[in-house]
Amino acid sequence: MNEPKLLLKADDLSKRYEDGVLALDHLNLSVRAGEVYCLLGANGAGKTTTINLFLNFIPPTTGTCFINGVDVTKDPLEAKKHVAFVSENVMLYGNFTARQNLDFFAKLGGKPNLTRDDYYRVMRRVSLQEKAFEQRVKTFSKGMRQKLGISIAIIKNAPAILLDEPTSGLDPKAAAEFQDILAELKDEGKAILMSTHDIFRAKDIGSRVGIMKEGRMVMERTREELQTEDLVKIYIDYMKSEPLSA
């Protein structure tokens, strides 16, 4: 049986900022089609830096990121064709309606021929209320904005999805709905890399979970391994442990 396609890969990835801070220290990570990889860690652990490096928002100090086999530093435009991104605070056009935002980002992503029904279908899929479809986004709650953000990712239909704290600030119902959508996308064969503080959701949805501390990956467990281990205790133990040596 063939192994699922490798869609996201960090190879010996490091990032040291101009002020000398080492934000990421020789990270190796891979996510295959049909996997959700959850990155756990305190603020400053390197989770968002990792995602920013995959998106080529910042250059690496050492190492390489690959998206669907494309080196994101050498060919960033090609790499971006294969990935969708949903941030903690989704950047949308407040004076556009939900549908107009979807239309704008779909055309930006090279899909100029989608119809109103196509957009409505995707917004229904993420449980956005019908009355919001033609409503200006500046009136939306955070949960509604997140649903529209994941709609944009679905419309792009990229094989890989990057999520940076996507459930932060969501109420329990909205967060549960978001998790259901991720499970569907996983089943469709998407490779999903998600940074999160939500230990329980990481255990529920993650194919694998990695714990980061001070820029290093200090633990990785599969979903099967976590069925018999206490992820909360493991996480707290790592957070309480002595600082890592430089």
Which atoms form the tightest heavy-atom contact between Leu40 and Thr196, and what is the distance? CD2-O, 3.4 Å

Can you list the residues that meet the salt bridge (charged side-chain N to carboxylate O under 4.0 Å, His left out) rule with Glu188, with sequence neighbours excluded? Arg125

Shortest non-hydrogen contact from Val86 to Val90? CG1-CG2, 3.9 Å

Supply the atom-to-atom distance Thr50 OG1 to Leu13 CG, rounded to the nearest 0.5 angstrom. 6.5 Å

For the side chain of Lys156 and the backbone of Val83, is there at least one donor-acceptor N/O pair under 3.5 Å apart? yes

For the pair Asn52 and Lys15, evaluate side chain to side chain donor-acceptor pair (under 3.5 Å) and give the outcome as yes or no after the intermediate values. CA-CA 11 Å; Asn52 285 343; Lys15 177 62 183 178; over 6 Å; no

With sequence neighbours left out, which residue pairs that include part of residues 70-106 fulfil the ring pair (Phe, Tyr, Trp, His ring centres under 6.0 Å) condition? Tyr93-Phe96, Tyr93-Phe104

Polar side-chain atom of Tyr17 near backbone of Ala23 as donor-acceptor pair, under 3.5 Å: no

For a quick test of reading the model, state the closest non-hydrogen atom pair linking Asn56 to Lys80 and the distance between them. CB-NZ, 3.8 Å

For residues 51-69, the salt bridge (Lys or Arg N to Asp or Glu O under 4.0 Å) pairs (sequence neighbours left out) are none

Taking all atoms of both residues into account, what is the closest heavy-atom pair of Ala45 and Met212, and its distance? CB-O, 3.5 Å

I'd like to know if the side chain of Lys186 reaches the main chain of Ala191, judged simply by a donor and an acceptor atom lying under 3.5 Å from each other, with no hydrogens or angles considered. no

Flag yes if more than 12 heavy atoms outside Arg136 fall under 6.0 Å of its CZ atom; otherwise flag no. no

Could you tell me whether the side chain of Gln179 and the main chain of Ala175 form a donor-acceptor pair under 3.5 Å? no

Basic-acidic side-chain contact under 4.0 Å: Asp103, Lys107: yes

With no hydrogens and no angle check, just 3.5 Å: does a side-chain donor-acceptor pair link Asp11 and Thr64? no

How does the hydrophobic cluster around Leu77 look, that is, which other residues are in it when side-chain heavy atoms under 4.5 Å mark a link? none

Side chain to side chain contact (heavy atoms under 4.5 Å, CB included) between Phe54 and Ile67, intermediate numbers included: CA-CA 8 Å; Phe54 268 109; Ile67 298 176; 4.0 Å; yes

Taking only residues two or more places apart in sequence, or in another chain, which ones meet Thr62 in a side chain to side chain contact (heavy atoms under 4.5 Å, CB included)? Ser14, His26

Return each pair, listed once, that meets salt bridge (Lys or Arg N to Asp or Glu O under 4.0 Å) where at least one residue sits in residues 199-209; pairs must be two or more places apart or across chains. Glu35-Arg208, Asp198-Arg201, Arg208-Glu220

Sequence neighbours left out, what passes salt bridge (charged side-chain N to carboxylate O under 4.0 Å, His left out) with Lys81? Give chain and number order. Glu78

I'd like to check the salt bridge (charged side-chain N to carboxylate O under 4.0 Å, His left out) partners of Lys173; sequence neighbours left out, ordered by chain and number. Glu177

Grab the two heavy atoms, one from Leu53 and one from Ile58, that are nearest each other, plus how far apart they are. CD2-O, 3.5 Å

According to the ring pair (Phe, Tyr, Trp, His ring centres under 6.0 Å) rule, which pairs have a member within residues 127-172, sequence neighbours left out? Tyr120-Phe133

Do you know which of Ile199, Asp230, Val209 makes side chain to side chain contact (heavy atoms under 4.5 Å, CB included) with Tyr235? Ile199

Is there a donor-acceptor pair under 3.5 Å between the side chain of Lys47 and the backbone N or O of Ala42? yes

For Lys74, side chain to side chain contact (heavy atoms under 4.5 Å, CB included) partners two or more places apart: Asp71

Could you walk me through whether Ser87 and Asp164 satisfy the side chain to side chain donor-acceptor pair (under 3.5 Å) test, starting with their C-alpha distance in whole Å, then the side-chain angles of each, then the deciding distance to 0.1 Å, before giving a yes or no? CA-CA 5 Å; Ser87 66; Asp164 192 12; over 6 Å; no

Where Gln146 and Phe178 come nearest, the two heavy atoms and their spacing: O-CE1, 4.2 Å

Whether the Asn68 and Lys5 side chains hold a donor-acceptor pair (N or O, under 3.5 Å, no angle test) is what I'd like checked. yes

Report the hydrophobic cluster partners of Leu6, with the cluster defined as I, L, V, M, F, W, Y residues connected by side-chain heavy atoms closer than 4.5 angstrom, directly or transitively. none

With sequence neighbours left out, what residues match Arg121 under salt bridge (charged side-chain N to carboxylate O under 4.0 Å, His left out)? Asp118

When you measure from the side chain of Arg221 to the backbone N and O of Glu225, does any donor-acceptor pair fall under 3.5 Å? no

Step by step, work out the side chain to side chain contact (heavy atoms under 4.5 Å, CB included) result for Glu134 and Thr97. CA-CA 5 Å; Glu134 299 295 341; Thr97 66; 3.8 Å; yes

